[in-house]
Amino acid sequence: MRHGETILVLDFGSQYTQLIGRRIRELGVYSEIHPYTYAIDNIRRINPIGIIFSGGPSSVYEAQAPTPDPRIFDLGIPILGICYGLQLIAAQFGGVVDASARREYGKADLFIDSFEDLFANIQSPTTVWMSHGDSLQSLPPGFEVIAHTVNAPIAAIRNSERTVFGVQFHPEVVHTNSGKEILANFAFRICKASGQWTPRSFIEDAIQSIRETVGSSHVLCALSGGVDSSVLAVLLSRAIGEQLHCIHINNGLMRKNESEQVVETFRNHFHIPLTYIDATERFLHELKGVTDPEQKRKVIGRLFIEVFEEEANKLVGTVEYLAQGTLYPDVIESVSFKGPSVTIKSHHNVGGLPSTMKFKLIEPFRELFKDEVRAIGRELGLPEELIGRHPFPGPGLAVRILGEVTKEKLALLREADAIFVQELKKANLYDEIWQAFVVLLPVRSVGVMGDCRTYQNAVVLRAVTSVDGMTADWARIPSHVLATISNRITNELNGINRVVYDISSKPPATIEWE
């Protein structure tokens, strides 16, 4: 799906690449992230109004240093290089980059030498975030210095004739005080963006694209009841009406009372036809003995498709498409770029589907972050209670049970998870947290209850704050709330005698345990 004016972000392996794309979108300008190897013909096809080179862990003077197609500099498109991106630009045009005499990591004062274009209306000095071991030692011909720090005499450069810029710092992180304003200057003053990419414009484009793609065919929508699939179902209903067939599969891996709530909400509130299938026994049978998390995802993905294909054969009309609420972070984490980035894990919506699947996929949200889908849901009129629900993985509770999945473990985990959520809502913390859930560990520990020795399961409470799920920090839940949650779980549930709290951030950990 094309979204009009686009700023292209080329990834050179930076941990902040996704932040660059997000910051541009926050300005109302559509952005796409692609590997630095992205073909020049693809760039011409997108016809971006601007290009940003991300940072990265490499040094430009290394033999295998990542470099884009050099023809990119001849497209006449404004370019901004960030950190490694600046060094790459300088090296390409004949500048000298070498290991810094003094490396810079952390905050630094940036002194602006030119208040035109990139630094228009930016106060000097301004605090920026540095993270580099190499630096630009001498300018390439045609470039000028437009900002400096005490340790980096060349902290920002400009070639006005080619409209090429570079900054040694990271404007995309919150630690750079005027970072958003600097990126806005690049987008609006330099790239001449109009800033008209909004939830409403996305909906209009998506509806048109879905209608053109589907034609007279019919579409199956995998409706889990989570935010993504719920917004997707309403969008598809707007686009194709009776050509949409929503199916909710109760795979036995759902949260407490979730399947019942899904049926009630969509049949009675949205008046969207919904087929309910209870495939609990089928899924649990196939998962018996499976302990590897990747294998769990593959099994669940395969069974979903099998059930959908069986259901499609019962419908009147040609069902060619399967719609999924795949998000951009799913794609980024599941698909390894041909460059510095690596695959973290496969997602059910992306890497878990069988290659023999008969359906063509429709994934309108494949280029969106979670908060963007929520904004679209609000524009479509979905209730805030549904929009604000915490993310839930495609494989459900199967990846929150470490080890083999059984009916008994699922029943125990469901109740513990429900208690956790109930107490967070009671303490008015639920909406402040990006995602909260319980993980059932494959270990038991000794405890004492009523003067008797117990040997029962241990569970982990996981709660994180985040904007888009790409990075996350553990939520600082007050100790008295944690105490209440622990007491309720251990007192009300027979089988759990120990509760621990996960204080890992992402990175280095992922949000889910599997």
Side-chain angles (χ1 to χ4, degrees), residues 1-11 16-34 38 43-54 75-82 85 112 114-123 126 128 146 156 158 160 163-167 169-174 176-209 231 235 327-329 364-380 387 467-468 470:
M1 190 191 311
R2 294 269 65 84
H3 304 282
E5 57 186 23
T6 298
I7 289 182
L8 174 66
V9 180
L10 293 186
D11 180 21
Y16 302 132
T17 299
Q18 286 75 42
L19 275 179
I20 301 171
R22 280 195 45 75
R23 296 292 178 256
I24 296 299
R25 293 189 186 189
E26 288 169 4
L27 298 171
V29 182
Y30 180 69
S31 67
E32 283 188 15
I33 300 171
H34 290 283
Y38 202 52
I43 295 175
R44 289 193 180 103
R45 177 178 52 80
I46 291 177
N47 190 28
I49 60 172
I51 298 173
I52 298 178
F53 293 168
S54 81
L75 295 176
I77 298 170
I79 294 175
L80 171 64
I82 295 175
I112 298 170
S114 172
F115 291 90
E116 300 172 43
D117 41 56
L118 194 62
F119 295 124
N121 300 318
I122 305 296
Q123 184 177 354
T126 184
V128 298
I146 56 175
R158 172 179 63 205
S160 298
T163 324
V164 174
F165 298 78
V167 294
F169 58 91
H170 288 273
E172 70 273 24
V173 302
V174 294
T176 295
N177 287 353
S178 297
K180 187 173 183 179
E181 289 76 12
I182 293 168
L183 290 174
N185 281 338
F186 178 70
F188 298 115
R189 291 178 179 271
I190 298 169
C191 300
K192 309 301 181 185
S194 60
Q196 295 180 352
W197 192 71
T198 63
R200 178 171 295 181
S201 69
F202 174 88
I203 291 168
E204 293 170 356
D205 291 344
I207 287 176
Q208 180 181 348
S209 177
V231 176
L235 176 66
L327 302 185
Y328 211 5
F365 304 152
R366 190 179 176 88
E367 299 161 344
L368 300 184
F369 293 96
K370 191 79 173 189
D371 60 315
E372 294 172 328
V373 174
R374 286 194 167 110
I376 288 163
R378 292 186 181 98
E379 186 70 29
L380 288 169
I387 293 297
V467 175
D468 53 29
M470 293 305 303

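Everything numeric in this text was worked out from a predicted model, so none of it was measured.
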Do [X] and [Y] come close enough that some side-chain heavy atom pair is under 4.5 Å?
{"X": "E379", "Y": "V231", "value": "no"}
{"X": "F119", "Y": "V167", "value": "yes"}
{"X": "E372", "Y": "W197", "value": "yes"}
{"X": "L183", "Y": "E26", "value": "no"}
{"X": "L368", "Y": "I376", "value": "yes"}
{"X": "L327", "Y": "K370", "value": "yes"}
{"X": "F186", "Y": "L118", "value": "yes"}
{"X": "I82", "Y": "Y16", "value": "no"}

Salt bridge present between E204 and R200 (N-O < 4.0 angstrom):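 No, E204 and R200 are not salt-bridged.
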Rounded to the nearest 0.5 Å, what separation is found between the [atom1] atom of [X] and the [atom2] atom of [Y]?
{"X": "I51", "Y": "I43", "atom1": "CD1", "atom2": "CD1", "value": "5.0 Å"}
{"X": "L8", "Y": "I77", "atom1": "CG", "atom2": "CD1", "value": "8.0 Å"}
{"X": "T176", "Y": "E181", "atom1": "OG1", "atom2": "CD", "value": "11.0 Å"}

Name of the residue among E5, E367, Q196 meeting side chain to side chain donor-acceptor pair (under 3.5 Å) with Y30: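 Between Y30 and the candidates, side chain to side chain donor-acceptor pair (under 3.5 Å) is satisfied uniquely by E367.
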Kindly say whether [Y] contributes a backbone atom to a donor-acceptor pair with the side chain of [X] at under 3.5 angstrom?
{"X": "R189", "Y": "D117", "answer": "no"}
{"X": "S31", "Y": "G21", "answer": "yes"}
{"X": "N177", "Y": "T126", "answer": "no"}

Stepwise side chain to side chain contact (heavy atoms under 4.5 Å, CB included) check, N185 with I122: CA-CA 10 Å; N185 281 338; I122 305 296; 4.1 Å; yes
Using every non-hydrogen atom in the two residues, find where [X] and [Y] come nearest and quote the distance to one decimal.
{"X": "C191", "Y": "A187", "result": "CB-O, 3.2 Å"}
{"X": "I49", "Y": "A193", "result": "CD1-CB, 3.6 Å"}
{"X": "L27", "Y": "F188", "result": "O-CZ, 3.4 Å"}

Verdict with supporting geometry, H34 and I46, side chain to side chain contact (heavy atoms under 4.5 Å, CB included): CA-CA 12 Å; H34 290 283; I46 291 177; 4.1 Å; yes
Ring geometry between F365 and F202 (parallel below 30°, tilted from 30 to 60°, perpendicular above 60°):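 Tilted: the ring planes of F202 and F365 meet at 30° to 60°.
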I33 and I20: CA distance, side-chain angles, deciding distance, side chain to side chain contact (heavy atoms under 4.5 Å, CB included) verdict: CA-CA 9 Å; I33 300 171; I20 301 171; over 6 Å; no
More than 12 heavy atoms from other groups under 6.0 Å of CZ on R44: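 Counting neighbours around CZ of R44, more than 12 heavy atoms of other residues, nucleotides or ligands fall under 6.0 Å, so yes.
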Face-on cation placement of R25 at F369 ring, 6.0 Å and 45° thresholds: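 Pair R25/F369 does not count as cation-pi.
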